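This one's a predicted model, so the numbers in the text were calculated from it and none came from an experiment. Counting starts at 1 for both ligands and their atoms, in listed order.
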Amino acid sequence: MRVIENPADFPTLEGTVGFVPTMGALHDGHASLITAARTNNDTVVVSVFVNPLQFNEPEDYDNYPRDLDSDLKFLSELGVDIVLAPTVEHMYPGGGPIVTVSTGEMGTVLEGASRPGHFDGVATVVAKLFNIVRPHRAYFGQKDAQQVAVVKRLVADLNLGVEILAAPIVRAADGLAESSRNRRLSPAEREQALALPRALEALAEGADLAHVRARLAAEVDVDYLVVVDPETLSETRERPALALGAVWVGPVRLIDNREI
Ligand code: PAF
């Protein structure tokens, strides 16, 4: 496994290239993306870069877990060929970029409403990473459905020519979408959190949105529960569509989504 720090040293690769962008702190969710990339491509590239542009709270950026040595061990066990692990100075020499990607309305709704600038930061770094790695396919988790939609739109609008693949949400036996945040739920809170996948399931079965939202709000603190067009993220009554929810259970904010 080759580890590259400076994007200028990144080689031109032969054959198909599968790319998994990450911010490190790797877990099983990343492993499933890497396994999918390994199955379908000649070369698998993973980036590990905590992108300051997508944090709107400096404290969150500073406290983001970083352990490159253990990430590299994890990646070599998964048979990754190349790891791109640049420093901030390599990615943004001389400070922040002047030219950035704007994600417009799509980046300001839902998750973007509570994280101003987040999706512009994601789109900017993903565009840069795609230009460095030149992948044929890139893999993202469907759990972050808005990120998937924004990245697909980035690729279409800027003709980046990368196929975007979304790996299905991994659920625990009780139906809760897997997340490192679940560890912070007490057994009673975990029981409460199940109201979110239940609400999404009810929507998939055709229940009325206002009714499901009211029932969810009786159990947890709802940030949003919407049914949107998966490409534009605008609310829709058409089907198929995507149901998206974000709730607070005690101090933990959880997101989930489901095709309906
Ligand atoms: O999902 C993430 O980990 C990040 O948003 C990404 C796509 C690696 C961009 O920094």
Side-chain angles (χ1 to χ4, degrees), residues 4 7 10 17-34 36-37 44-58 60-68 70-72 74-75 78 80 82-88 90-92 96-97 100-103 106-108 110-112 114-133 135 137-155 158 160 162-170 177-181 233 244 246 253-257:
I4 297 174
F10 202 87
V17 177
F19 177 45
V20 183
T22 82
M23 298 208 298
L26 302 174
H27 51 69
D28 289 351
H30 296 108
S32 74
L33 301 180
I34 292 163
V44 175
V45 179
V46 175
S47 62
V48 177
F49 177 62
V50 184
N51 172 35
L53 291 194
Q54 68 188 76
F55 288 83
N56 47 309
E57 300 288 348
D60 288 349
Y61 172 69
D62 291 341
N63 294 334
Y64 199 86
R66 292 163 173 88
D67 186 351
L68 186 59
S70 92
D71 287 342
L72 291 178
F74 183 89
L75 294 173
L78 288 167
V80 168
I82 300 178
V83 180
L84 173 66
T87 62
V88 173
H90 280 125
M91 286 298 274
Y92 302 118
T100 58
V101 179
S102 164
T103 55
M106 256 182 118
T108 62
L110 306 170
E111 291 303 294
S114 50
R115 303 169 81 181
H118 170 72
F119 287 106
D120 290 356
V122 169
T124 300
V125 81
V126 168
K128 284 171 72 75
L129 292 167
F130 283 1
N131 284 330
I132 296 163
V133 175
R137 303 187 181 96
Y139 297 79
F140 294 83
Q142 177 59 25
K143 175 123 185 299
D144 293 314
Q146 188 170 3
Q147 174 164 277
V148 171
V150 164
V151 169
K152 283 186 175 165
R153 192 60 197 251
L154 164 77
V155 167
L158 299 186
L160 297 183
V162 180
E163 186 184 353
I164 303 302
L165 293 140
I169 296 177
V170 180
E178 291 288 11
S179 160
S180 47
R181 293 175 180 209
L233 302 180
L244 295 165
R253 188 170 184 277
L254 298 172
I255 59 169
D256 197 354
N257 66 84

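Within the structure, ligand 1 has T22 among the residues with a heavy atom less than 4.0 angstrom away.
If you number the atoms of ligand 1 from 1 as listed, the ones under 4.0 Å from a heavy atom of V125 come out as 9 (C), 10 (O). Atoms of ligand 1 found under 4.0 Å from any heavy atom of P21, numbered from 1 in the order shown, are 8 (C). Set against the non-hydrogen atoms of Q147, the atoms of ligand 1 under 4.0 Å away are 1 (O), 2 (C), 4 (C), 5 (O), 7 (C).
Closest to atom 3 (O) of ligand 1 among all protein heavy atoms lies M23 CG, 3.7 Å.
Judged purely by distance below 3.5 Å, without hydrogens or angles, the side chains of S102 and D120 never pair a donor atom with an acceptor atom.
In this structure, the side chain of Q142 does not engage the main chain of V148 through any donor-acceptor pair within 3.5 Å. Under the 3.5 Å distance criterion, the side-chain polar atoms of N56 are left unmatched by any main-chain donor or acceptor of R115. N257 places a side-chain N or O within donor-acceptor distance of the main-chain N or O of K143, the cut-off being under 3.5 Å.
Summarising the contacts of atom 4 (C) of ligand 1 with K128, H30, H118, Q54, the nearest heavy atom is found in Q54.
V88 meets the side-chain contact (heavy atoms from CB on, under 4.5 Å) test with F49, P52, Y61, Y92; sequence neighbours excluded.
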